[in-house]
Amino acid sequence: MPAIQLTPAQRKVHRSEAHHLDPIVMIGGDGLTPAVRKEADAALKAHGLIKVRVFSDDRPAREAMLQTLADELNAAPIQHIGKLLVLWRPIPEKEREIDEDRMPGPRDVKVIKYSKRGGQRPEIKTLRVLGNQRLTPGGTIKRAKAKKPLSVKKRRQAD
């Protein structure tokens, strides 16, 4: 796969974003091994923008490693500064499974209780209401009422 081509402006933005990053992948004396490629691919999937540290004094070899990684992992080479290589690839969107049986999660509700005496500040409380609970008009939390099955007598009357 060929490397992604970026404009100089895009490359500049990614270079500034990578400034504060620490190297995630390290390339040792063995060079570009399959394990290094696999780790770099996993890091690009997770982060999108990564720094790679190369423990080699040979500058042309480091440039070749940057180009090789960019080509094999379908990434854009952002920068080669010293022994650091910076690569970028867009993070793939995760497909979310929609669970039909999922119930609503907890929600935070603000309850305001006004004082019976005028001129005092109202009492404000934040309560967490879970999926199986409800908030009463008085500001307390109660469990939601479960639907009880109809008795035989009431079922006959409904028919």
Side-chain angles (χ1 to χ4, degrees), residues 1-114 121-137 139-147:
M1 285 187 250
I4 298 172
Q5 297 297 319
L6 295 177
T7 65
Q10 290 171 321
R11 191 168 273 115
K12 182 179 179 181
V13 168
H14 291 307
R15 211 171 32 239
S16 68
E17 289 172 355
H19 180 73
H20 301 288
L21 297 179
D22 293 324
I24 294 178
V25 180
M26 311 285 182
I27 300 177
D30 294 340
L32 279 176
T33 62
V36 169
R37 288 182 176 94
K38 184 179 173 187
E39 283 302 311
D41 188 40
L44 282 168
K45 275 184 190 160
H47 303 287
L49 183 67
I50 63 167
K51 272 188 183 176
V52 179
R53 181 174 297 280
V54 182
F55 295 106
S56 169
D57 294 328
D58 188 16
R59 183 171 175 79
R62 289 194 307 262
E63 286 177 0
M65 284 182 200
L66 176 65
Q67 201 55 49
T68 304
L69 277 174
D71 289 340
E72 289 181 3
L73 301 177
N74 193 23
I78 300 297
Q79 186 177 30
H80 171 204
I81 182 161
K83 294 185 178 187
L84 291 175
L85 313 175
V86 181
L87 292 165
W88 175 81
R89 181 173 73 191
I91 300 174
E93 297 227 4
K94 295 177 186 169
E95 292 183 25
R96 300 186 74 170
E97 293 181 22
I98 298 171
D99 187 9
E100 300 293 330
D101 300 329
R102 187 178 171 117
M103 299 297 286
R107 63 187 190 280
D108 292 332
V109 179
K110 275 190 181 177
V111 176
I112 303 172
K113 284 191 179 180
Y114 294 99
R121 287 188 173 164
E123 182 184 341
I124 301 172
K125 288 194 296 186
T126 303
L127 301 173
R128 175 155 284 173
V129 180
L130 302 177
N132 64 340
Q133 296 173 335
R134 64 186 175 90
L135 198 61
T136 63
T140 57
I141 294 179
K142 287 194 173 178
R143 276 223 218 108
K145 293 180 181 172
K147 292 190 175 184

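All values reported here derive from a predicted model rather than from experimental measurement. Any value given below was found using the heavy atoms of this structure, including those in side chains, with hydrogens, waters and symmetry copies removed. The first residue of the sequence shown is numbered 1, and numbering continues consecutively from there.
- Taking both residues in full, the closest heavy atoms of Asp108 and Arg128 are given as OD1-NE, 2.9 Å, listed atom of the first, atom of the second, then distance.
- In this structure, NE2 on His47 lies 9.0 Å from CG on Leu21, to the nearest 0.5 angstrom.
- Taking both residues in full, the closest heavy atoms of Val36 and Gly31 are given as CG2-O, 4.0 Å, listed atom of the first, atom of the second, then distance.
- When all heavy atoms are compared, the tightest approach of Leu49 to His14 is CD2-O, 3.5 Å.
- Other residues, nucleotides and ligands contribute over 12 non-hydrogen atoms within 6.0 Å of the CZ atom of Phe55.
- By the 6.0 Å contact criterion, CG on Asp58 is enclosed, its count of non-hydrogen atoms from other residues, nucleotides or ligands being greater than 12.
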Would you mind writing out the side-chain donor-acceptor pairs for residues 78-87 within the sub-3.5 Å range, not counting sequence neighbours?
| residue | atom | partner | partner atom | Å |
| --- | --- | --- | --- | --- |
| His80 | NE2 | Arg62 | NE | 3.3 |
| His80 | NE2 | Gly82 | O | 3.2 |
| Lys83 | NZ | Asp57 | OD1 | 2.8 |

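- To the nearest 0.5 Å, the span separating NZ on Lys113 from CD1 on Ile124 amounts to 13.0 Å.
- In terms of modelled atom types and a separation under 3.5 Å, the side chain of Thr140 and the main chain of Thr136 share no donor-acceptor contact.
- Residues Arg89 and Asp41 are in side-chain contact: their nearest non-hydrogen atoms beyond the backbone lie under 4.5 Å apart.
- Closest heavy-atom contact between Ile112 and Pro122: CG2-CB, 3.7 Å.
- Here the NZ-NZ distance, from Lys94 to Lys45, works out to 11.5 Å after rounding to the nearest 0.5 Å.
- The closest donor-acceptor contact from the side chain of Arg37 to the backbone of Leu32 lies under 3.5 Å.
- Taking CG from Leu66 and CG from Asp71, the interatomic distance works out to 9.5 Å, rounded to the nearest 0.5 Å.
- The distance from the CD atom of Gln10 to the CZ atom of Arg15 is 12.5 Å, given to the nearest 0.5 Å.
- Summarising the geometry of Ile50 relative to Ala40, their closest heavy-atom pair is CD1-O, 4.0 Å, with the distance given to 0.1 Å.
- A pairwise comparison of heavy atoms in Leu6 and Arg11 identifies O-NH1, 3.5 Å as the closest pair.
- With rounding to the nearest 0.5 angstrom, the CH2 atom of Trp88 is 9.5 Å from the CD atom of Glu17.
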